[in-house]
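Step one of this worksheet: look at the structure below.
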Amino acid sequence: MQIAICDDVQKDLETIRLALDTYAEAHPELHFTIDEYGAAIDVLHAVEKGKIYDIALLDICMPGVLGTDAAEEMLAKSPDMSIVFLSTSIEYAVTAFAINATHYLLKPFSQEQFNTALDRAVKKTEEQNFLTLACVDGMYRVGVGKIVSVESQNHYLLLNLSSGKILKLRMKLLQMFEELQMYSEFIKVGASYIVNLAFVRRISGNTLEMFNGVKISIPRRGSEEVQKTYMDFCRREALK
């Protein structure tokens with residue numbers, strides 16, 4: 001797992017690193033690669049250059065850029081990243097959880113409290129299946145379950161994510177389908193689409209109606225197969 005630690009106070013940075021090293025020693029089954037930063041702007045520069053993190057441990061009150069603001073920019077690149085905020089005040093807790101923080105640690109914290117935060121972050125990361133994609137505007141780490149559909153358009157693919165974000169990359173649709181077909185919720189619809197059935201709200205005639213209101217046409221020759229696959233998917237989900 002790739003982990004970023006960011007705190008502008010050197011002593012606090014060392015405390016966080018020590019707590020993380022102690023946690024790692026207690027969990028030899030896990031492997032961590034750790035980068036340390038003394039300013040939020042530095043970790044943002046690293047992310048802009050393509051660095052991808054599974055977990056970020058961020059101080060909030062830092063000069064220049066707040067940890068909460070940095071987290072929002074980092075999450076735009078890696079929506080499923082686990083964020084653990086650290087602060088001497090509860091003041092930013094509402095803001096932190098509004099951007100889907102995994103945990104909020106008050107300084108000073110005990111090793112036990114730190115372990116609880118890391119347990120949550122690691123669990124969230126392990127539960128995700130990811131694709132690392134070279135998009136036109138940089139590298140992205142995308143949770144497979146966040147992909148609503150993939151559209152082939154003018155030699156590019158458009159990945160529509162559940163957050164509303166659209167990623168663009170140069171790849172053939174069949175190549176992407178090879179990456180996704182191991183997940184039973186994905187089906188190929190015609191020559192231009194891959195669809196995540198978990199986001200289909202209904203099939204009306206030869207049209208798939210997605211959760212966000214988008215409608216995708218089903219070629220007549222494949223209509224019966226798509227409908228059957230969707231019904232089978234719904235039955236499996238109902239039995240879980």
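Note that this is a predicted model, so its numbers are computed, not measured.
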Taking the inter-plane angle between the rings of Phe114 and Tyr23 on a 0 to 90° scale, is it parallel (under 30°), tilted (30 to 60°) or perpendicular (over 60°)? perpendicular
Has [X] got a side-chain atom pairing as donor or acceptor with [Y]'s backbone, closer than 3.5 angstrom?
{"X": "Ser223", "Y": "Pro219", "result": "no"}
{"X": "Gln113", "Y": "Ser110", "result": "yes"}
{"X": "Tyr230", "Y": "Val200", "result": "yes"}

Go through the steps for Arg17 and Asp7 under the test salt bridge (Lys or Arg N to Asp or Glu O under 4.0 Å), then give the verdict. CA-CA 11 Å; Arg17 178 58 189 259; Asp7 199 307; over 6 Å; no
In Å, rounded to the nearest 0.5 Å, how long is the span from CG of Leu173 to CD of Glu178? 10.5 Å
Do [X] and [Y] land in one hydrophobic cluster if side-chain heavy atoms of ILVMFWY residues count as linked below 4.5 Å?
{"X": "Leu208", "Y": "Phe233", "value": "yes"}
{"X": "Ile5", "Y": "Val122", "value": "yes"}
{"X": "Val84", "Y": "Met1", "value": "yes"}
{"X": "Leu157", "Y": "Tyr183", "value": "yes"}
{"X": "Val150", "Y": "Leu158", "value": "no"}

Does Leu169 reach the side chain of Val136, with side-chain heavy atoms less than 4.5 Å apart? no
Taking C-beta and beyond as the side chain, do Gln10 and Asp12 meet within less than 4.5 Å on heavy atoms? no
Among Asn196, Val148, Asn212, which one satisfies side chain to side chain contact (heavy atoms under 4.5 Å, CB included) with Ser162? Val148
Quickly, which of Ile216, Ile218, Thr229 forms a side chain to side chain contact (heavy atoms under 4.5 Å, CB included) with Val195? Name it, please. Ile216
Does [X] pair with [Y] as a salt bridge, N-O distance under 4.0 Å?
{"X": "Asp137", "Y": "Lys168", "result": "no"}
{"X": "Arg202", "Y": "Glu209", "result": "yes"}
{"X": "Arg141", "Y": "Asp54", "result": "yes"}

Around [X], counting heavy atoms of other residues, nucleotides and ligands shown, do more than 12 lie under 6.0 Å from its [atom1]?
{"X": "Lys123", "atom1": "NZ", "result": "no"}
{"X": "Glu112", "atom1": "CD", "result": "no"}
{"X": "Gln111", "atom1": "CD", "result": "yes"}

Test side-chain contact (heavy atoms from CB on, under 4.5 Å) applied to Thr102 and Phe85, step by step: CA-CA 8 Å; Thr102 303; Phe85 286 115; over 6 Å; no
Distance-only polar pair, side chains of Asp8 and Tyr37, donor-acceptor under 3.5 Å: no
Side chains of residues 61-73: which donor-acceptor pairs under 3.5 Å do they make with residues two or more places apart or in other chains?
none

Start with the C-alpha gap between Val43 and Asp35, add the side-chain angles, then the distance that decides, and say whether side-chain contact (heavy atoms from CB on, under 4.5 Å) holds. CA-CA 9 Å; Val43 69; Asp35 293 332; over 6 Å; no
